[in-house]
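Computed from a prediction, not measured in an experiment: that's the story for all the values here.
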Amino acid sequence: MSTSDTIQPILRFVEEELSFATSYYNERYLDRRVSSRMRRTNSDSYGEYYSLLKRDEAEQAELLDALSINVTGFFRNPSVWEGIQTLLRKLTAEKSSVRIWSAACADGREPYSLSMLAHSDREIDDSRISILATDISEDALETARGGVYQDLQTDDVSSQLDFLERPTQYITKQEDSVKVARTIRKLVEFERHDLINGRSKSGFDMVVCRNILIYINDEHKTPIFETIRDSLVDGGYMVIGKSETIPIGMRTEFDSVNAGDKTYQYPGDAES
């Protein structure tokens, strides 16, 4: 097989010319996403698609969007949200200001879930909460800021919102979409951020980073956890995906709060 018939030139182009760190992701994931774009563009080989990619800026944007992790839903894994609810009650009872970072937020349904939870629970003082939501994909962030989700994405939205007692006050059903209420949207600020190559944040009481790490090569997970650690206040909390694990070299940095729901606390200089 010639070099032009492998995925490697495509990955090098994306890394070097489009500044997307493909080397951090496992190759099976990358191959699935590239192959999907090849089918969409009727490209019969990696070489043919590579030629298209180099000359077509629109396709470059489409591939970057495809490579970005944007699978999400409202209140994904309800048991995890029960744990988050308990932590938010605790934090707002103890602190006058609670900062939450929803990292790799995709199209915004995770941070909006946080906002809905804060608004709906009488034991959580939502006036004390601010939410920063970040993602690498500008297209995903554009959808997130609008808070409108098409019916194909939300055909099970009613069951997703079963976690709330009165969900209808937080979304408006339209003909072929749902829109998140303004009171929910105004609690969330969106910003582009590269979790892999970007700088750490600071001063967060909770970082929610779920279901991106399963796509990252093991050797590149440590910098992500270092970013999360450095973004947390002493005693702050981290929530990762249920199928994700902390790299061995970082496990002493976090104390387990709920192993099943992958909730951890960063003790820092605080008493653990």
Next on the checklist: Check this for me: does any side-chain nitrogen of one of E244 and K262 sit under 4.0 Å from a carboxylate oxygen of the other?
Outcome noted: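 Result for this pair is no, no salt bridge flagged.
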
Next on the checklist: Do the side chains of D135 and R192 get close enough for a salt bridge, i.e. N-O under 4.0 angstrom?
Outcome noted: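 No, no charged N to carboxylate O under 4.0 Å.
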
Between [X] and [Y], is there a donor-acceptor pair closer than 3.5 Å when you use the side chain of the first and the backbone of the second?
X	Y	value
T227	P223	yes
R89	E123	no
R229	Y266	no
Q265	G235	yes
D56	A58	yes
H193	R199	yes
R37	E62	no
S113	F75	yes
R145	G108	no
N258	D261	yes

Look at the side-chain heavy atoms of Ile, Leu, Val, Met, Phe, Trp and Tyr, link any pair under 4.5 Å apart, and say whether [X] and [Y] land in one connected group.
X	Y	result
Y50	I7	yes
F20	L52	yes
M250	Y264	yes
L161	F163	yes
V257	V233	no

Would you indicate whether the side-chain heavy atoms of [Y] and [X] approach each other to under 4.5 Å?
X	Y	value
Y149	Y112	yes
L63	V34	yes
I196	I224	yes
V14	L64	yes
Y170	V180	no
R33	S36	no
R210	V239	yes

Rounded to the nearest 0.5 Å, what separates atom [atom1] in [X] from atom [atom2] in [Y]?
X	Y	atom1	atom2	result
F254	T263	CZ	OG1	12.5 Å
M238	F225	CE	CZ	5.0 Å
T168	K173	OG1	NZ	9.0 Å
I10	K54	CD1	NZ	10.5 Å
K221	I216	NZ	CD1	8.0 Å
L30	L67	CG	CG	6.0 Å

Which pair of non-hydrogen atoms, one from [X] and one from [Y], has the smallest distance, and what is that distance?
X	Y	answer
A104	I212	CB-CD1, 3.8 Å
N211	K242	OD1-N, 4.5 Å
L88	M206	CD2-CE, 4.0 Å
A118	D126	O-CB, 3.5 Å
D5	S45	OD1-CB, 4.1 Å
V148	T143	O-CG2, 3.8 Å

Within a radius of less than 6.0 Å around [atom1] of [X], do more than 12 heavy atoms belonging to other residues, nucleotides or ligands occur?
X	atom1	answer
R40	CZ	no
E27	CD	no
E142	CD	no
E57	CD	no

Next on the checklist: Between L114 and I129, is the side chain to side chain contact (heavy atoms under 4.5 Å, CB included) condition met? List the steps.
Outcome noted: CA-CA 10 Å; L114 287 163; I129 291 177; over 6 Å; no

Checklist entry - E59 and Y49: side-chain hydrogen bond (donor to acceptor under 3.5 Å, both in side chains), yes or no, with the steps? => result CA-CA 10 Å; E59 181 55 31; Y49 181 70; 2.6 Å; yes

Checklist entry - Hey, what's the ring geometry for Y29 with Y215, parallel, tilted or perpendicular (30° and 60° as the breaks)? => result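 Because their plane-to-plane angle lies in the 30° to 60° range, the rings of Y29 and Y215 count as tilted.
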
Next on the checklist: Would I246 and I240 count as a side chain to side chain contact (heavy atoms under 4.5 Å, CB included) here? Give the steps.
Outcome noted: CA-CA 9 Å; I246 301 176; I240 61 176; 4.2 Å; yes

Checklist entry - After noting the C-alpha distance and the side-chain angles of D31 and Y46, does the key distance pass the side-chain hydrogen bond (donor to acceptor under 3.5 Å, both in side chains) rule? => result CA-CA 10 Å; D31 202 354; Y46 291 125; 2.8 Å; yes

Checklist entry - Going through the distances and angles, do M116 and I171 end up as a side chain to side chain contact (heavy atoms under 4.5 Å, CB included)? => result CA-CA 10 Å; M116 289 179 192; I171 62 168; 3.8 Å; yes

Item to check | From CA spacing to verdict: side chain to side chain contact (heavy atoms under 4.5 Å, CB included), L232, V207 | outcome: CA-CA 7 Å; L232 286 167; V207 176; 3.7 Å; yes

Checklist entry - Which residue, S130, S115, C105, S102, forms the side chain to side chain contact (heavy atoms under 4.5 Å, CB included) with V188? => result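 Among S130, S115, C105, S102, the one that satisfies the side chain to side chain contact (heavy atoms under 4.5 Å, CB included) with V188 is S115.
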
